[in-house]
Engineer: 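Quick one: structure below, then a few questions.
Being a predicted model, the structure only gives us computed values, none of them experimental. Throughout, protein chains are lettered first and strands after them, A, B, ... in sequence-line order, and every chain is numbered starting at 1. Values below: every heavy atom of this structure, side chains too, minus hydrogens, waters and symmetry copies.
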Amino acid sequence: MKLPAVSKTKTGYSTDSYALEQIRAFHPVVDMILEHRFIAKMLSTYINVIPDLVDDSSRLHCKFDLRSTATGRFASHEPNLQNIPMKNPRSREIRKAFRAPDGKRILSADYSQIELRLAAHLSGDETFLQAFRKGEDIHSRTASELFAGDSDTIGITQRNLAKTVNFGVLYGMSPFKLSKDLNIGLAEAKNFIESYFGRFSKIKNWQEKLVDKALIEGEVRTFTGRRRLIRGLDSRNFNEREKAKRKVFNTPVQGGAADIIKIAMIKVDQALENLPVSLVLQIHDELLFEVEEKEVEKTSEIVKNAMENAVELDVPLTVSVSWGESWFETH
DNA sequence: TGTTACAGCGCG
DNA sequence: AAAGCGCGCTGTAACA
Ligand SMILES: Nc1ccn([C@H]2C[C@H](O)[C@@H](COP(=O)(O)OP(=O)(O)OP(=O)(O)O)O2)c(=O)n1
Ligand SMILES: [Mg+2]
Ligand SMILES: [Mg+2]
């Protein structure tokens, strides 16, 4: 349609939502395509599919693959119940369909800033460690810094963007992508990254040491000894080499967080032995339970305690618990 | 009818 | 998307 080209893929012009956002002012069809894409995604992935998978007892069972991921996380499939809509208020409505039976509640327990805490622990960065000892919420803090000026408009959407920024920068995001994500200039994005690693000054050095070690050993490990083989660190291709480096310093953190919740699952299971509670889902750093309504408060305490004390780090682990009649009410 | 590559997008 | 990482699912196009 001769609209401006935002970027290219290997087969043509890119039409992903970022590209369309950039050209929406040039033609009314662009917004219509975005809306169509959104509805099509919801229908084809969730709304038209999931009801047919519910069994005779109104239960929906996914499968969990415990040994397919590179980092030690679980993977869920048929259907994937680890990617049910959450971030967009319109699509989040889907969670109202995931209900506890009469007399029971859905209870969710999610680690706070889990990979940031683990990164603080593993790197030993004093500023980072102190922030968590003081009970700071770094995602919220980043949100306020990003939206300095309009402090009333900082809600969950802004915190989610800040979350992407915090993990993006930690795991090697380029100033280019950061500037696009935040709609800011390249220079400002560079500044943000510099001040991030300036503030948490031991992080960079810790990451470099991990890469040096991985180059020698050909692998990287989480704190439990879980190993991931890393290829490409000695590649002559810059992109391939840099990609391998990012895997090296992501894996101990993402994989370590996976180790933590696995330990927590064992402890939770033991602690709940005599209560009418079933663990129904794991979503990377979150556990979802079905609980007799009467026992919700007691379960909340036990679960929170077991998860927060799964392992002992140089920072506290904090877990947010919430519950309701459906999955929508949690968080 | 089934497989693969691709682009795209949902979640953590 | 041009240096965030980790997943699974979808529709389309091309091909067997
Ligand atoms: N864009 C994202 C979102 C999440 N994660 C990883 C790091 C998070 O620590 C972990 C769990 O995701 P959460 O959404 O639970 O985020 P946090 O635990 O960091 O924050 P919260 O306090 O909101 O739970 O998944 C990531 O790498 N990139
Ligand atoms: Mg969390
Ligand atoms: Mg979570």
Engineer: Check if the side chain of A:R73 and the base of B:dG12 share a donor-acceptor pair of N or O atoms closer than 3.5 Å.
Structural biologist: yes
Engineer: Any base atoms under 4.0 Å from A:R92, or only sugar-phosphate, or nothing? Heavy atoms, all strands.
Structural biologist: nothing
Engineer: Can you find a donor-acceptor N/O pair under 3.5 angstrom joining the side chain of A:N83 to the base of B:dG10?
Structural biologist: yes
Engineer: Output the rounded distance in Å from NE2 (A:H331) to C1' (B:dC11).
Structural biologist: 11 Å
Engineer: Determine the interatomic distance between C1' on B:dA7 and the same-named atom on C:dA1; round to the nearest Å.
Structural biologist: 12 Å
Engineer: Classify the angle between the aromatic ring planes of A:F64 and A:F74 as parallel (below 30°), tilted (30 to 60°) or perpendicular (above 60°).
Structural biologist: tilted
Engineer: Looking only at the side chain of A:N239 (C-beta and beyond, no hydrogens), which of the listed nucleotides C:dA3, C:dG4, B:dA7 gets closest?
Structural biologist: C:dA3
Engineer: Relative to the 5' end of DNA chain C, which residue comes earlier, A:M173 or A:K41, by the nucleotide with the nearest heavy atom?
Structural biologist: A:M173
Engineer: Looking at B:dG10, B:dC11, C:dA1, which one has an atom nearest to any side-chain atom of A:M42?
Structural biologist: B:dG10
Engineer: Quick one: label A:F249 by what it contacts on the DNA or RNA (base, sugar-phosphate, nothing), any heavy atom closer than 4.0 Å.
Structural biologist: nothing
Engineer: With no hydrogens and no angle check, is any side-chain donor or acceptor of A:K163 less than 3.5 Å from a backbone partner on A:H139?
Structural biologist: no
Engineer: Given that both distances must come in under 3.5 Å, which nucleotide forms a Watson-Crick or G-U wobble pair with C:dG4?
Structural biologist: none
Engineer: Does OP1 or OP2 of B:dA7 have a side-chain N or O of A:R37 closer than 4.0 Å?
Structural biologist: no
Engineer: In terms of the nearest nucleotide of DNA chain C, which residue is placed more toward the 5' end: A:P175 or A:K247?
Structural biologist: A:P175
Engineer: Under a 3.5 Å cut-off for both distances, is C:dG11 Watson-Crick or wobble paired, and to whom?
Structural biologist: B:dC6
Engineer: Of the nucleotides B:dC6, C:dT10, C:dG6, which one has an atom closest to the side chain of A:T45?
Structural biologist: C:dT10
Engineer: Tell me which nucleotide among C:dC9, B:dG10, B:dG8 gets nearest to the side chain of A:T15.
Structural biologist: B:dG8
Engineer: The side chain of A:R95 lies closest to which of these nucleotides: B:dA7, C:dG6, B:dC11?
Structural biologist: B:dC11
Engineer: Hey, does the side chain of A:T71 reach the backbone of A:T251 with a donor-acceptor pair shorter than 3.5 angstrom?
Structural biologist: no
Engineer: Indicate yes or no: does A:E242 engage A:R246 in a salt bridge with an N to O separation below 4.0 Å.
Structural biologist: no
Engineer: Can you measure A:H77 atom NE2 to C:dG6 atom C1' for me and round it to whole angstrom units?
Structural biologist: 16 Å
Engineer: Using the P atoms only, state how far C:dA2 lies from B:dC6, rounded to an integer number of Å.
Structural biologist: 15 Å
Engineer: Looking across every strand, which nucleic acid part, if any, lies under 4.0 Å from A:V49 by heavy atom: base, sugar-phosphate, or nothing?
Structural biologist: sugar-phosphate
Engineer: Measure from NZ on A:K204 to C1' on C:dA3 and round the result to the nearest Å.
Structural biologist: 10 Å
Engineer: Think A:T71 has a side-chain N or O under 4.0 angstrom from the OP1 or OP2 of C:dC5?
Structural biologist: no
Engineer: Between B:dG12, C:dG4, C:dA1, which nucleotide has the shortest distance from any of its atoms to the side chain of A:D16?
Structural biologist: C:dA1
Engineer: Have a look at A:I114 and say if it touches a base, only the backbone sugar-phosphate, or nothing, with a 4.0 Å heavy-atom cut-off.
Structural biologist: nothing
Engineer: Could you give the CG-to-P distance, from A:D181 to C:dA3, as a whole number of Å?
Structural biologist: 14 Å
Engineer: Walk me through whether A:R59 and A:E290 qualify under salt bridge (charged side-chain N to carboxylate O under 4.0 Å, His left out).
Structural biologist: CA-CA 12 Å; A:R59 295 270 171 194; A:E290 219 175 74; 2.7 Å; yes
Engineer: In whole angstrom, what separates A:Q207's CD from C:dA3's C1'?
Structural biologist: 12 Å
Engineer: Output yes when a side-chain donor or acceptor of A:Q82 lies under 3.5 Å from a complementary backbone atom of A:S76, and no otherwise.
Structural biologist: yes
Engineer: Looking only at N and O atoms, is any donor in the side chain of A:Q82 or the base of B:dC11 less than 3.5 Å from an acceptor on the other one?
Structural biologist: no
Engineer: Between P on C:dC9 and CG on A:L53, what's the gap in Å once rounded to a whole number?
Structural biologist: 10 Å
Engineer: Return the nearest nucleotide to the side chain of A:S17; candidates are C:dG4, B:dC9, C:dA1.
Structural biologist: B:dC9
Engineer: Looking at A:T164, does any N or O in its side chain come under 4.0 Å of the phosphate oxygens OP1/OP2 on C:dG4?
Structural biologist: no
Engineer: Does any N or O in the side chain of A:N305 come within less than 3.5 Å of the main-chain N or O of A:E301, such that one atom is a donor and the other an acceptor?
Structural biologist: no
Engineer: What's the closest nucleotide to the side chain of A:E78 if the choices are C:dG6, C:dC9, B:dC6?
Structural biologist: C:dC9
Engineer: Go through C:dG6, C:dG4, C:dT10 for me and flag the one nearest to the A:S174 side chain.
Structural biologist: C:dG4
Engineer: Tell me whether the NZ or CZ atom of A:R92 lies within the 45° cone about the ring axis of A:F328 and under 6.0 Å from its centre.
Structural biologist: yes
Engineer: Atom CD of A:Q22 to atom P of C:dA2: distance rounded to whole Å?
Structural biologist: 13 Å
Engineer: Is A:K163 near enough to B:dG12 that one of its side-chain N or O atoms lies under 4.0 angstrom from OP1 or OP2?
Structural biologist: no
Engineer: Looking only at atom C1', what distance separates C:dG4 and B:dT4, rounded to whole Å?
Structural biologist: 28 Å
Engineer: Do the side-chain N or O atoms of A:T9 get closer than 4.0 angstrom to the phosphate oxygens (OP1, OP2) of B:dA7?
Structural biologist: yes
Engineer: Quick check for you: among B:dG12, C:dC9, C:dT10, whose closest atom lies nearest to any side-chain atom of A:N80?
Structural biologist: C:dC9
Engineer: Does A:T251 place a side-chain N or O at less than 4.0 Å from the phosphate oxygens OP1/OP2 of C:dG6?
Structural biologist: no
Engineer: Which part of the nucleic acid, if any, lies within contact of A:Q254, taking any heavy atom under 4.0 Å across all strands shown: a base, the sugar-phosphate backbone alone, or nothing?
Structural biologist: base
Engineer: Could you give the CG-to-P distance, from A:N250 to B:dG12, as a whole number of Å?
Structural biologist: 16 Å
